[in-house]
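The structure appears right after this line, and notes come after that.
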Amino acid sequence: PAAIHLDDYQAPAWRILSTRLTFDLAPSATRVTAVLTLEANPDAAVGSDATPPLVLNGEHLTLESVRVDGRALASDEYKVDETHLTLAALPASCELETVVLIDPAANTALEGLYVSSGMFCTQCEAEGFRRITYYPDRPDVMSVFTTTVIADKANYPILLSNGNPVERGELDGGRHFVTWQDPHLKPCYLFALVAGDLVKHADSFTTMSGRDVALEIWVEPENLDKTQHAMNSLKASMKWDEEVYGREYDLDIFMIVAVNDFNMGAMENKGLNIFNSACVLANPDTTTDAAFQRVEGVVAHEYFHNWSGNRVTCRDWFQLSLKEGFTVYRDQTFSADMNSAPVKRIEDVAMLRTAQFAEDAGPTAHPVRPASYIEISNFYTLTIYEKGSEVVRMVANLLGEEAFRRGSDLYFARNDGSAATIEDFISAMSEASGRDFTQFMRWYSQAGTPEISARGNFDAESGRYSLTLHQSTPATPGQAEKLPLVIPVRMGLVGADGSDLALTLDGEALGTETVLELTEAEQTFVFTGLEAGADPVPSLLRGFSAPVKLSFAYSREQLAFLMQHDSDGFNRWDAGQRLALAALEDLMAAWQQGDTQASLDARLLAAYRFLLQSEPSDRAVLAEMLTLPSEAYIAEQQTVVDVDAIHWARKTAKAQLATALRDDFVALYHANEQQGDYAPTFEQMARRSLKNAALSYLMSIEDEEGVRLAQAQLAAAHNMTDVRAALTLLVHSSRTELGDPALKAFAERWSHDPLVMDQWFSIQVTRPQADVLDRVRFLMEHPAFSLTNPNKVRALIGAFAGQNRVNFHRLDGEGYRLLADVVIELNRLNPEIAARIITPLTRYKRFDAKRQALMKAELERIRGEKLSRNLYEVVEKALA
Ligand code: HT7
Ligand code: ZN
């Protein structure tokens, strides 16, 4: 398969003024009639007076007929192959009608029109529309759509599409139809259709200009009691977007539909968002706090796309981060406003620093705006989404709130109803602020995580503190040379008494905090006027002001000091993580020397004691501070990952903390027990996470009181957060007599609920004991498991390969073999999921020679198959 390059972009040769679609639905033979009003694009590059050929994308379609301006074409008047329908010598304006047959029931790739739990639904982003009808399947072709859906009324009483319903009626043979009209111009990737036996949760929202919008969440009848949280989140998002960005909703109706089989989280189709049921359904009995928060975030994200993505869309898929990075930034800010802002930042950064940094250092590293791709579905990545959001966050922080809002208003006003580029976004920000973004644009074109090494020197005599920052970005595949970036480093100097010192830089008094703009490879900043006894400790990159790795030779005493005194909550947490990491590194070194009796650094123990014995100012932050760095994060810090040493060190550190601070953990548990009814408020969530953190420490030593508390918590079954936490601890303990009966009872209670069974799978396959691989293979045969359901694949295979590092990386290679077997199956069933689930195998270069050889052998075995474009691209890059 050939790569597509950003530099080859050409404007479309034809425009589509209107698109009229008729779907006659049947699971194995749906007939799609498309009537396109075409006009040759005067802006396109054409070589002669004749109209350019019309080249339409189309895959897995059976063409029945083609008409131009009402005349049926003979088969030699057009060319059709596996991927295109081409028509030459068309009049400059004409109407084209095509009729195709498709087979939604056989569509396991879940792109285009498919059947999920007996209902029809669509997923068209990025290139799914070409599996529905012949069309220019590219985001810069925008059209108004009218869609008629015809189906059997008994099986599919509800027929939905984008826009407003304008006509409905009965047809012969028990069939009926509904016609939907969407007045807004949109690219075909935002098209949606749903047909099924669904019920709705209805509500309404009055917009800032006083218009009433009908809100509808459509679900299978048994899920109606799981829609309130999504509805609340939707209304909060609509209000927030009006208040913070001045964006009002623009149709009379906004619908969400929950489907069980979905490749990603959700999709922002105009007026008809389609959601993975895992990202919309929530109920205290079945859903954890983390999942409640995910629902809030995803509902907001998809809603915010109505402006950042739909009203202003992308010119081509290289601009994907234009809509995704900006929308993630918007949803992260929304969630911070709705919940604990410091915790939201900690969670987002923790994820970025483990998963996105790993992507940036791996074989598929790419810039926020890639220069080329083979399969665009492979580019819905953490780099496009999360790093893209960090880049927008830097723009917002550099400009300040007001100028950023002016820039965003200008961007929306100027590009409304059109397909834009990242330059359009940045030039609006630049014009609104007067700031030059020329060098900043490198963030969009350079892959890899920049590294800053910082050095400080305090001269007590002159009262000067010199801070030298050096930046570099490691080479990534295809990009050996990197240029210096604009890196905003928010910082302060913390004095000996723990308070922030007043900063004077180049004679200017800056208050107690400033943002240094690092633009060169190395710069020194000299702060003056400090008192001789100030003894400053720098607090750098506050709030994680740039997506970089920053190193500074802090002593452990300085880290413990910052952990207590830094005025920036994020940096207090980060100092704790750095201190814990240092202590874990000691333990790993000891283990590698064969010493299994080593003790944890007393400074970390003292820091934990201090945390546990102080009155918490923010319970949610405290829960984060009591969490040791994850195995994945620790691995990120190593040159050659030693999975066994990491696992042992983390387990040992936890057990030593639990032994030394047992009574404090018991007290913490009881101080945060549930009082009153469950609510998904962040105050309650903070208490639950503190309580469950305490329980997890107690269970790390299988303390009898801990076991009793876990069993009681499971039996009380107040809510899924507590149930899942207790069940996980019992199942992950070494005593199978604790976990096995609990798992059995759980399955008996919840076998009817697929989202709860997903949790049941994940809990078991993340068990650290060595017998887990047999359990994974056994569970793959369980009736509730299915390789054609992406949620199941993620819950079982994804959780095993991604979260059970010590067992996935077994030295007999069985973990790798299992994943490769699954990838080979999925290559046939669902290439998009195959190309995602393979990720841990592609990172083999981080491991020792033995594991590298085993992982490479599995990649070679996969390469021997007839690969989909998705998998081909990933495997070739991994083995390059
Ligand atoms: N914009 C949506 C992306 C998406 C997607 C992409 C490829 C294949 C399947 C997909 N499902 C959804 C989701 C979002 O970012 O909001
Ligand atoms: Zn998105």
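Numbering of ligands and ligand atoms starts at 1, following listing order. All residue numbers refer to positions in the sequence shown, counting from 1.
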Looking at [atom], what's its closest protein heavy atom, distance included?
{"atom": "atom 14 (C) of ligand 1", "value": "Tyr385 OH, 3.5 Å"}
{"atom": "atom 9 (C) of ligand 1", "value": "Glu832 OE2, 3.3 Å"}
{"atom": "atom 3 (C) of ligand 1", "value": "Glu125 OE1, 3.4 Å"}
{"atom": "atom 4 (C) of ligand 1", "value": "Met264 CE, 3.6 Å"}
{"atom": "atom 12 (C) of ligand 1", "value": "Ala266 O, 3.2 Å"}

Answer with side chain, backbone, both or neither: which part of Glu324 has a heavy atom less than 4.0 angstrom from an atom of ligand 1?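 Just the side chain.
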Which is the closest N/O/S atom of Glu324 when seen from the Zn ion (ligand 2)?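 So the atom name we want here is OE1.
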Charged N to carboxylate O below 4.0 Å: is that the case for Lys877 and Glu873?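 So Lys877 pairs with Glu873 through a salt bridge.
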Under a 4.0 Å N-O cut-off, is there an ion pair linking Arg794 with Asp758?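 Salt bridge: no.
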Phe304 backbone acceptor or donor facing Tyr245 side chain under 3.5 Å: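 No, Tyr245 side chain to Phe304 backbone: no donor-acceptor pair under 3.5 Å.
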Give a yes or no on whether the backbone of Asp137 and the side-chain of Arg130 come within a donor-acceptor separation of less than 3.5 Å.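 Yes, Arg130 side chain to Asp137 backbone: donor-acceptor pair under 3.5 Å.
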Would you say [X] and ligand 1 have an N/O pair spaced under 3.5 Å apart?
{"X": "Glu302", "result": "yes"}
{"X": "His301", "result": "yes"}
{"X": "Ser377", "result": "no"}

Atoms of ligand 1 less than 4.0 Å from Glu268 heavy atoms?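 Heavy-atom distances to Glu268 below 4.0 Å select 1 (N), 2 (C), 13 (C), 14 (C), 16 (O).
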Enumerated ligand 1 atoms positioned under 4.0 Å from heavy atoms of His305: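 With His305 as reference, the close atoms of ligand 1 come out as 14 (C), 15 (O), 16 (O).
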Validate the cation-pi geometry between Lys186 and Phe145: distance from NZ or CZ to the six-membered ring centre under 6.0 Å, angle to the ring axis within 45°.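 Lys186 over Phe145 ring: yes.
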Show the numbers, then the answer: is there a salt bridge (charged side-chain N to carboxylate O under 4.0 Å, His left out) between Glu390 and Arg345? CA-CA 11 Å; Glu390 293 301 318; Arg345 190 67 188 134; 2.8 Å; yes
Assess, by modelled atom type and distance only, whether the side chains of Asn827 and Glu865 contain a donor and an acceptor separated by less than 3.5 Å.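 Distance-only check fails for Asn827 and Glu865.
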For the student: nearest non-hydrogen atoms of Thr133 and Leu61, plus distance: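 Where Thr133 meets Leu61 most closely, the heavy atoms are C-CD1, 3.6 Å.
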Starting from the C-alpha separation in whole Å, work towards a yes-or-no answer on ring pair (Phe, Tyr, Trp, His ring centres under 6.0 Å) for Phe205 and Tyr249. CA-CA 10 Å; Phe205 179 82; Tyr249 186 62; 8.9 Å; no
Are Lys323 and ligand 1 in contact, using a heavy-atom cut-off of under 4.0 Å?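 True for this residue.
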Quick one: angle His301 NE2 - the Zn ion (ligand 2) - His305 NE2, to the nearest 10°?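 Value, to the nearest 10 degrees: 100°.
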